[in-house]
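Notes follow once the structure below has been shown.
Residues take their numbers from the sequence shown, with the count starting at 1.
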Amino acid sequence: AGATVIVLIDGPSGSGKSTFARRVAAATGAGLLQVEDMYPGWDGLDEAARRVVEHVLTPLSRGEAAAIRRWDWESSCEADWEPVPVEPLIIIEGVGAGSIAATEYASLLIWLEADAAERYRRAMARDGDVFVDHWSRWAAQEEVTFGREETRARADLVYRTDAVDWTVR
């Protein structure tokens, strides 16, 4: 995306994307964008993926200012626009980050995966109070999106996180 190197981290909910992305960003000094900040509600997976391309990757590729429109999950409405700082390296993580359209701008697509029971356990431990009522609906969107986009098959790196102890540094 222009002078910015883009790394996309995708995979189903609870696969460890956020943890992995935070650690890579900390180790490299990269900027970090989380797609979950951009989903327009629980049915917004595809729309957020489109917005990543339209509002972040396309402008960056032209050397223009990029911005994201955050979603206010508590009020269930769009929040303010926030500028995306121009960084030499930006990691974009979240379900849908690795869309076909986004990979046209990316240097690397990483797919994370884990056993379904482990992913559910992690997601409920992290966001269970909010996520539990939406898990099945969200998982159905993931299945459709990943099937259509063939995200895992297009990934440059596939990493299984089941056996990883995320507490070890």
Side-chain angles (χ1 to χ4, degrees), residues 1-73 77-114 119 122 126-127 138 141-142 144-161 164 166 168-169:
T4 302
V5 174
I6 302 294
V7 173
L8 305 172
I9 301 175
D10 205 336
S13 293
S15 60
K17 297 175 302 298
S18 297
T19 300
F20 185 80
R22 280 192 303 270
R23 290 194 177 172
V24 172
T28 62
L32 177 60
L33 294 178
Q34 296 182 292
V35 181
E36 72 182 31
D37 292 335
M38 296 175 258
Y39 299 125
W42 288 106
D43 296 310
L45 193 158
D46 286 338
E47 177 60 18
R50 186 191 67 73
R51 291 177 181 191
V52 166
V53 173
E54 181 179 341
H55 301 296
V56 178
L57 298 174
T58 300
L60 286 176
S61 73
R62 295 180 183 148
E64 299 170 357
I68 62 168
R69 183 116 192 226
R70 289 199 178 272
W71 182 257
D72 181 337
W73 287 97
C77 66
E78 290 185 315
D80 294 331
W81 285 93
E82 290 185 19
V84 173
V86 177
E87 304 275 352
L89 173 62
I90 294 179
I91 298 167
I92 302 175
E93 74 84 9
V95 177
S99 71
I100 291 169
T103 55
E104 292 179 24
Y105 299 91
S107 296
L108 183 66
L109 170 58
I110 301 170
W111 173 267
L112 299 184
E113 60 187 32
R119 291 188 305 98
R122 290 175 183 171
R126 183 189 64 212
D127 298 315
W138 187 257
Q141 286 179 83
E142 289 179 341
V144 168
T145 298
F146 294 146
R148 180 189 64 238
E149 301 284 328
E150 298 181 331
T151 316
R152 186 186 193 281
R154 291 183 303 98
D156 299 297
L157 173 64
V158 175
Y159 188 62
R160 198 154 178 98
T161 65
V164 174
W166 291 114
V168 176
R169 296 220 178 237

Between [X] and [Y] (side chain of the first, backbone of the second, donor and acceptor by atom type, cut-off under 3.5 Å), is there such a pair?
| X | Y | answer |
| --- | --- | --- |
| Glu113 | Arg160 | no |
| Thr4 | Glu87 | yes |
| Thr19 | Gly16 | no |
| Trp73 | Glu36 | yes |
| Asp10 | Trp111 | no |

Specify the closest pair of heavy atoms between [X] and [Y], including all atoms of both residues, with the distance to one decimal.
| X | Y | answer |
| --- | --- | --- |
| Gly98 | Thr103 | O-CG2, 3.8 Å |
| Ala65 | Pro59 | O-CB, 3.3 Å |
| Ala48 | Pro40 | N-CD, 4.1 Å |
| Leu112 | Pro12 | O-CD, 3.5 Å |
| Pro85 | Pro83 | CD-O, 3.5 Å |
| Ala49 | Ser99 | CB-CB, 4.3 Å |

Is any side-chain heavy atom of [X] less than 4.5 Å from a side-chain heavy atom of [Y]?
| X | Y | answer |
| --- | --- | --- |
| Phe20 | Thr161 | no |
| Glu93 | Val24 | no |
| Tyr39 | Val95 | yes |
| Arg154 | Thr151 | yes |
| Thr58 | Tyr105 | yes |
| Gln34 | Arg22 | yes |
| His55 | Arg69 | no |
| Glu104 | Ser61 | no |

Output the distance between atom [atom1] ([X]) and atom [atom2] ([Y]), rounded to the nearest 0.5 Å.
| X | Y | atom1 | atom2 | answer |
| --- | --- | --- | --- | --- |
| Asp72 | Asp80 | CG | CG | 9.5 Å |
| Lys17 | Leu8 | NZ | CG | 13.0 Å |
| Ile90 | Leu33 | CD1 | CG | 5.5 Å |
| Ile6 | Leu89 | CD1 | CG | 7.5 Å |
| Phe146 | Leu45 | CZ | CG | 7.0 Å |
| Ile9 | Leu108 | CD1 | CG | 8.0 Å |

Exactly one candidate in Gln141, Glu142, Arg122 meets side-chain hydrogen bond (donor to acceptor under 3.5 Å, both in side chains) with Ser13; the answer is Glu142

Could you check whether Glu78 pairs with Arg51 (Lys NZ or Arg NE/NH1/NH2 to Asp/Glu carboxylate O, under 4.0 Å)? yes

Around Glu47, counting heavy atoms of other residues, nucleotides and ligands shown, do more than 12 lie under 6.0 Å from its CD? yes

